[in-house]
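Only one structure is covered here, and it is reproduced in the block below.
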Amino acid sequence: MATTVGTDRLGDLFVREGLITEEQLEKALQDAKASNTRIGFSLVKLGFVAEDELTRMLARQYRVPAVDLDKVNVDPKVIKLVPADVALKHLVLPLRRVGRTLTVAMANPTDLGAIDDLKFITRYDIEPVVVGEYTLRRHLEKYHNTQDEKMQEILDELQTDDIEVLEDQEDDVSVAALQEQVEQAPVVKFINGLLVDAVQKGASDIHIEPYEKEIRVRYRIDGALREVMKPPLKMKAAITSRLKILSDLNIAERRVPQDGRIKLKMKNKVVDFRVSTLPVIFGEKIVMRILDKGNLTLDLEKFGFEPKAEQDFMAAIMNPYGMVLVTGPTGSGKTTTLYSALSKVNTEDVNIMTAEDPVEYNLYGINQVLVRNEIGMTFAAALKAFLRQDPNIIMVGEIRDIETGGTAIKAALTGHLVLSTLHTNDAPSTVTRLIDMGLEPFNVAAALNLVTAQRLVRRICSNCKEQVKYPEEHLRAGKIPDEVIARGQFFKGAGCDKCNGGGYKGRQGLYEVMAMSPILRKLIMQAVGTDELRQAAIADGMLTLRMDGLKKIERGITTLEEVLKETAAT
């Protein structure tokens with residue numbers, strides 16, 4: 001192939017210019033071969049060269065002008081001169097037409113086959129200009145609706161031999177008849193492909209949303225939703241029915257919400273999907289929460305606690321009795337923190353019991369109970385039963401009422417370690433919430449060992465991290481302390497192939513850990529307000545969520561925007 005010679009020469013050019021090493025070139029060549037892309041794309045993807053350097057080098061090598069697509073607005077009429085399938089096949093984007101000449105941005109302007117195809121299709125003379133492949137692909141997605149192609153890619157690339165959906169058999173004849181109807185190859189293959197794709201991309205949730213003229217599929221990755229495809233509208237009923245059959249839900253019932261589970265076997269691992277359906281105007285919205293045990297990190301040392309906070313937390317969970325509370329909004333990682341704490345104390349000589357709604361992950365050595373309010377198996381009822389089962393450590397999914405809170409405090413005061421969660425904004429307000437619930441201040445003061453409030457923020461992509469400056473008025477408006485402004489240590493992700501241009505990859509916890517001290521216990525017994533408790537805890541060495549966030553900003557772990565979004569000024 002002619003292109004191989006060109007790509008080899010391009011790699012050698014970079015080595016000669018001293019921009020990359022021989023080892024980096026070798027790695028990029030292997031990556032290009034494995035992913036069937038050009039060497040330039042692999043060099044940018046692996047972070048060995050910046051795309052503007054690549055474009056300059058390509059322009060020199062091919063002796064054609066380079067163009068910055070981010071500064072070009074293309075007329076939709078010009079875009080339509082090249083059909084979407086041809087543009088994607090050859091990686092070309094028409095930019096402008098002057099007389100009989102059509103200027104086209106190409107990743108490889110020496111691809112004579114592509115230029116001949118374009119001449120034949122458009123009936124124009126073709127003038128190629130060079131552009132980086134990563135930027136070109138991004139703009140092609142913007143100008144052409146590539147959702148159907150993405151869906152087709154999922155279907156084409158899927159190795160169905162490795163996938164098996166573990167479903168319960170249903171004897172009902174009418175369900176069996178409908179099952180036969182939706183088990184046509186495209187729907188089955190699409191659903192399997194969607195589930196596998198979401199797991200491989202590290203999504204935590206899949207949203208399938210029906211609208212009047214389209215269906216939208218979005219993944220939640222690192223806490224942010226992003227659209228991935230729009231399946232054909234005619235598949236709406238089949239997709240919904242197929243997912244309901246797999247989740248063992250009633251497919252004839254479309255007027256009330258339903259909850260179910262799907263187990264998917266992928267090669268050697270089993271992934272659980274918690275399925276929730278909700279009737280909306282144009283059908284049923286389906287949200288699937290992905291519970292992939294392989295992604296569950298139970299190592300507290302890797303969570304990102306600051307040294308004193310980690311020390312306090314470890315000391316509290318190693319106590320033989322008392323109460324440890326983890327607070328924060330839904331999706332802030334409270335359950336993961338509690339599971340990690342349990343895994344630290346999960347030894348052969350202790351009896352650990354948990355009451356959860358629902359049980360998200362099965363952990364060996366821990367007796368887990370599913371709370372079911374409809375049959376009277378509430379948190380309070382489970383907790384009372386636990387106390388007759390000789391427990392050492394008890395975890396209650398959530399303290400929602402005075403009955404659960406009262407029993408939990410009684411357990412903590414009678415020689416048991418109790419772990420639980422609460423929905424409050426920060427650590428000090430948790431104490432106020434317990435007292436407001438009707439619990440006696442002296443019981444709360446005696447039982448509590450520690451309260452942790454937490455949030456999740458997105459981590460800056462390590463591949464494209466760069467230092468940035470913010471206007472001073474912007475920082476003052478965000479109530480950033482003067483000493484942090486003076487240091488000016490702020491970072492952001494520029495956006496690259498590894499993070500899909502978003503600048504973020506993965507998530508990081510922010511923690512506000514309030515350990516009980518004699519002063520704090522005294523103040524709780526006096527039932528003082530939240531602000532007074534907070535001031536005393538800060539004087540005692542507690543970092544608030546905002547303070548913890550600022551430390552993470554200065555270390556280049558997350559951005560100012562993420563911390564301002566998730567924490568309040570103190």
Side-chain angles (χ1 to χ4, degrees), residues 298-301 303 305 308-328 333-357 359-369 371 379-400 402-422 424 427 430-431 433-434 437 439-440 442-454 511-518 520-521 524:
L298 294 180
D299 190 352
L300 273 171
E301 281 84 0
F303 277 27
F305 279 98
K308 182 186 183 298
E310 186 179 337
Q311 213 176 321
D312 288 345
F313 190 79
M314 291 293 191
I317 60 173
M318 292 302 173
N319 256 355
Y321 54 84
M323 187 187 272
V324 174
L325 295 176
V326 180
T327 81
K334 299 190 296 293
T335 310
T336 306
T337 302
L338 285 178
Y339 280 161
S340 308
L342 287 176
S343 69
K344 281 274 172 210
V345 291
N346 182 11
T347 56
E348 196 184 303
D349 54 350
V350 292
N351 176 19
I352 303 177
M353 313 202 74
T354 76
E356 301 171 61
D357 178 19
V359 175
E360 293 200 3
Y361 296 98
N362 306 323
L363 301 173
Y364 177 76
I366 293 173
N367 307 285
Q368 293 169 282
V369 172
V371 167
F379 282 119
L383 200 45
K384 280 176 183 165
F386 286 176
L387 293 172
R388 293 192 286 275
Q389 290 265 320
D390 180 36
N392 299 95
I393 298 163
I394 297 169
M395 178 179 121
V396 190
E398 191 184 337
I399 295 177
R400 292 177 183 165
I402 186 168
E403 193 184 359
T404 314
T407 315
I409 278 187
K410 202 181 294 174
L413 292 171
T414 53
H416 306 92
L417 178 64
V418 179
L419 309 176
S420 189
T421 73
L422 229 77
T424 58
T430 307
V431 175
R433 172 96 178 87
L434 289 171
M437 220 182 256
L439 299 171
E440 294 291 350
F442 59 84
N443 278 339
V444 174
L448 264 188
N449 283 353
L450 177 133
V451 184
T452 296
Q454 68 179 71
Y511 301 93
E512 179 174 303
V513 178
M514 185 170 90
M516 286 300 121
S517 65
L520 286 175
R521 289 189 203 278
I524 292 169

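Any value given below was found using the heavy atoms of this structure, including those in side chains, with hydrogens, waters and symmetry copies removed. If you read the sequence from its start, that first residue is 1, and numbering goes on from there.
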N/O donor-acceptor pair under 3.5 Å between [X] side chain and [Y] backbone:
| X | Y | answer |
| --- | --- | --- |
| Asn367 | Asn351 | no |
| Asn449 | Tyr321 | yes |
| His416 | Ala411 | yes |

Mind listing the closest non-hydrogen atom pair of [X] and [Y] along with its distance?
| X | Y | result |
| --- | --- | --- |
| Leu417 | Ala316 | CD1-O, 3.9 Å |
| Arg400 | Phe379 | CZ-CE1, 3.7 Å |
| Ala427 | Ala453 | N-CB, 3.5 Å |
| Ile399 | Ala408 | CD1-CB, 4.3 Å |
| Ala382 | Ala355 | CB-CB, 3.8 Å |

Flag the pair [X] / [Y] as yes when at least one side-chain heavy-atom distance between them is below 4.5 Å, and no otherwise.
| X | Y | value |
| --- | --- | --- |
| Val431 | Met514 | yes |
| Val396 | Thr404 | yes |
| Glu356 | Leu338 | no |
| Met516 | Ile524 | yes |
| Met318 | Val345 | yes |
| Val369 | Thr354 | no |
| Thr424 | Leu325 | no |
| Leu363 | Asn346 | no |

To the nearest 0.5 Å, tell me how far [X] [atom1] sits from [Y] [atom2].
| X | Y | atom1 | atom2 | value |
| --- | --- | --- | --- | --- |
| Leu448 | Leu520 | CG | CG | 10.0 Å |
| Leu450 | Ile317 | CG | CD1 | 9.5 Å |
| Tyr511 | Phe313 | OH | CZ | 8.5 Å |
| Asn319 | Met314 | CG | CE | 14.0 Å |
| Gln311 | Phe305 | CD | CZ | 13.0 Å |
| Arg433 | Thr327 | CZ | OG1 | 11.5 Å |

Report summary line: With Ile394 as partner, the option from Leu387, Ile352, Thr407 fulfilling side chain to side chain contact (heavy atoms under 4.5 Å, CB included) is Leu387

Query raised in the report: Any idea how Tyr361 and Tyr339 line up, ring-wise: parallel (<30°), tilted (30 to 60°), or perpendicular (>60°)?
Result: perpendicular

Requested in this report: Say whether Thr452 and Gln454, considering side chains only, have a donor N or O and an acceptor N or O under 3.5 Å apart.
Outcome: no

Report task. Carefully, step by step, assess Leu342 and Ile393 under the rule side-chain contact (heavy atoms from CB on, under 4.5 Å). Result -> CA-CA 9 Å; Leu342 287 176; Ile393 298 163; 3.9 Å; yes

Query raised in the report: Does atom NZ of Lys344 have more than 12 heavy-atom neighbours, drawn from other residues, nucleotides or ligands, at distances under 6.0 Å?
Result: yes

Query raised in the report: Which is it for Leu439 and Ile409 under the side-chain contact (heavy atoms from CB on, under 4.5 Å) test, yes or no, and what are the steps along the way?
Result: CA-CA 9 Å; Leu439 299 171; Ile409 278 187; 3.8 Å; yes

Requested in this report: Using the side-chain contact (heavy atoms from CB on, under 4.5 Å) rule, take Asp357 and Glu398 through it: C-alpha gap first, then chi angles, then the decisive distance, then the call.
Outcome: CA-CA 9 Å; Asp357 178 19; Glu398 191 184 337; over 6 Å; no

**Report entry** Gln368 vs Met353, side-chain contact (heavy atoms from CB on, under 4.5 Å): CA-CA, chis, key distance, verdict
**Finding:** CA-CA 6 Å; Gln368 293 169 282; Met353 313 202 74; over 6 Å; no

